[in-house]
There are 2 protein chains.
Amino acid sequence: MGKTTRTAKRRQESLSRERIIEASIEILDSDGEEGLTFRALSDRLATGPGAIYWHIDSKSELLTAACDAIVAHAVDAPVLGMPPEDAICALSLSLFDAIDAHPWVGAALTHAPGQMPVVRILERIGQQVRALHVRDGDEWQAVCALLNYIVGVSRQNAANAQFTRTRGLYRSTLLESLAITWSKLDRKDYPFTCDVADQLPDHDDRADFLAGIKFFLSGLRSST
Amino acid sequence: MGKTTRTAKRRQESLSRERIIEASIEILDSDGEEGLTFRALSDRLATGPGAIYWHIDSKSELLTAACDAIVAHAVDAPVLGMPPEDAICALSLSLFDAIDAHPWVGAALTHAPGQMPVVRILERIGQQVRALHVRDGDEWQAVCALLNYIVGVSRQNAANAQFTRTRGLYRSTLLESLAITWSKLDRKDYPFTCDVADQLPDHDDRADFLAGIKFFLSGLRSST
DNA sequence: ACCTGAACACCGTTCAAGT
DNA sequence: ACCTGAACACCGTTCAAGT
């Protein structure tokens, strides 16, 4: 099976930036970041690689634009009327889930510092932290830390999921074999790792992520 | 100038895994991740690309091994006799600085979940969190969150630094132009971002990173 | 056992030439 | 203005052939 040729697709009403981004997201979702090549993309759009460069500057710009489309949607989670702490949890989980569903978004966010997709997150988190009324000097650092935690951890989670998927492994079997490796480490040098090895296979990344947010918020509370 | 040919280097006492990793770190530090190609590496080692494959399985294994060498050193920061909270800060900063100095380490850590370099960090942080005596059910999640925060934020910081460096920009000019872009956003949609735009050029990533750790530890304290 | 280096199957990007 | 598709300068990896 493998690659299905889809040259027979209806002739698009000419190319456009939107159509290109839409097709890119489809490819990224089904084949991952490495699947998005200008050749695969131009095949799907029934055109040549050069045509895409008329609408888009580079692959990196394309990734940022595709990433922004996903983030814009994730950040639209309904938080109206929630207490700020709940809103922060809801937004965080919405982003976590979006990055889990579209693993390539994590990497794209890292490569677009200060760009639109990151600003969207900053703004939404910032508004909620502001409503928390932390000490004035702490606000910026609190928002930075939260933003970084959310993106950093979601990205790592997605990378892990990707890691097993591309190798055709199940998450559970990977974690189990990892737990065995950990438990066989020298107890002299790795007492903690040996101890927690058996907790590895059962842990829930999403719950761990949320727990981190809560530790954070609890720390923020002591800054009035 | 550009590439200096260094074929005249003394004939190594044959190739070895160690020698290859050592040369890889040199290339990664000077030319970044994209600079490490099997051709560049075999040039430096005065051999052919195929020779490297005798000692190393793939580029990904090579990156993990190089990463491990750096992490092993960073995690060796002296923390003996410190109170656990101080030790956690010291370890965190040591890792932050190491990843800042070797930006490619951040990416490599993400691609090696559960492997040696990550375990080294887990172990050291884990021992200190254990000494904090948090509630039993919270320990694992606390360590996970800290680990993820440290790696995630350090990685993002290094990526940002890299971003400016590869474009031949200064960090300050980039932040200033970013601040201008932010301040020009529509105040209706981006009130928070507009407000904090002027804080952007002066902020200190390392201090922000440490502030996040402290919020975290303070949150942990409420879990006895 | 270890090394060589040509060859394979790819990339992102450019650009003369077409409509 | 927009598209075509060959060509350029690269990759990681393999493998027959050498020592």
Side-chain angles (χ1 to χ4, degrees), chain A residues 2-3 5-7 9-25 27-28 30-67 104 107-108 111-112 162-163 166-167, chain B residues 2-3 5-7 9-24 27-28 30-67 104 107-108 111-112 163 166-167:
Chain A
K3 349 202 81 174
T5 356
R6 49 152 70 244
T7 352
K9 189 125 190 228
R10 99 182 104 91
R11 215 158 257 50
Q12 321 296 147
E13 68 271 6
S14 94
L15 225 43
S16 72
R17 200 183 147 81
E18 288 68 39
R19 182 71 196 100
I20 293 173
I21 291 171
E22 187 188 317
S24 299
I25 292 177
I27 294 178
L28 285 162
S30 63
D31 302 330
E33 195 170 346
E34 70 193 8
L36 181 67
T37 67
F38 278 78
R39 282 159 186 85
L41 189 54
S42 54
D43 271 4
R44 183 178 284 246
L45 293 166
T47 180
I52 292 160
Y53 276 91
W54 185 261
H55 301 273
I56 256 101
D57 281 345
S58 67
K59 184 170 184 182
S60 138
E61 193 217 333
L62 182 57
L63 274 166
T64 304
C67 170
W104 50 272
H111 296 125
Q162 193 82 323
F163 186 86
T166 46
R167 277 162 187 73
Chain B
K3 350 202 82 174
T5 356
R6 50 153 70 241
T7 353
K9 191 123 189 236
R10 97 182 105 90
R11 216 159 256 50
Q12 322 297 147
E13 68 271 7
S14 93
L15 226 45
S16 72
R17 202 182 145 80
E18 289 68 40
R19 181 72 195 101
I20 293 173
I21 291 170
E22 187 189 316
S24 300
I27 294 178
L28 285 162
S30 64
D31 302 329
E33 195 170 345
E34 71 195 6
L36 181 66
T37 66
F38 278 78
R39 281 160 186 83
L41 189 53
S42 54
D43 272 4
R44 181 177 286 244
L45 292 167
T47 180
I52 292 160
Y53 276 90
W54 184 261
H55 300 273
I56 256 100
D57 280 346
S58 67
K59 184 170 184 181
S60 139
E61 193 218 332
L62 182 57
L63 275 166
T64 303
C67 169
W104 50 274
H111 296 124
F163 187 85
T166 47
R167 278 163 186 72

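Since the model is a prediction, treat every value here as computed from it, not as a measurement. To find a chain, count down the sequence lines: A is the first, B the second, and so on, and within it residues start at 1. Scope of the values below: all heavy atoms of this structure, side chains included, with no hydrogens, waters or symmetry mates.
- Within the 4.5 Å cutoff, the side chain of B/H111 has no heavy atoms near those of the B/T64 side chain.
- In this structure, A/L62 and A/L41 have side chains that are in contact, with non-hydrogen atoms separated by less than 4.5 Å.
- Among the protein residues, B/L36 comes within range of the sugar-phosphate backbone only, with heavy atoms under 4.0 Å from sugar or phosphate atoms but none that close to a base.
- Candidate nucleotides D/dT14, C/dG12, C/dC3 were compared by shortest atom distance to the side chain of B/S14, and C/dC3 ranks first.
- A stem is defined here as three or more consecutive Watson-Crick or G-U pairs, each with both distances under 3.5 Å; for DNA chain C these stems are C:4-8 with D:12-16, C:12-16 with D:4-8.
- Residues A/S24 and A/I20 form a side-chain contact, since some pair of their non-hydrogen atoms from C-beta on lies under 4.5 Å apart.
- With A/R167 contributing its side chain and A/F163 its backbone, the two residues share a donor-acceptor pair below 3.5 Å.
- Atom CZ in B/R39 sits about 10 Å away from atom C1' in C/dA7, given to the nearest Å.
- A heavy atom closer than 4.0 Å to some atom of DNA chain D occurs in A/W54, A/H55, these being the qualifying members of residues 54-66 of chain A.
- Closest approach of A/I52 to A/F38, counting heavy atoms only: CG2-CE2, 3.6 Å.
- With A/K59 contributing its side chain and A/T37 its backbone, the two residues share no donor-acceptor pair below 3.5 Å.
- Salt-bridge check for B/E61 with B/R17: passed, with a basic side-chain N closer than 4.0 Å to an acidic carboxylate O.
- In this structure, B/L15 places its CG atom 16 Å from C1' of D/dT19, rounding to the nearest Å.
- Residues satisfying the side-chain hydrogen bond (donor to acceptor under 3.5 Å, both in side chains) criterion with B/E33, sequence neighbours excluded, are absent altogether.
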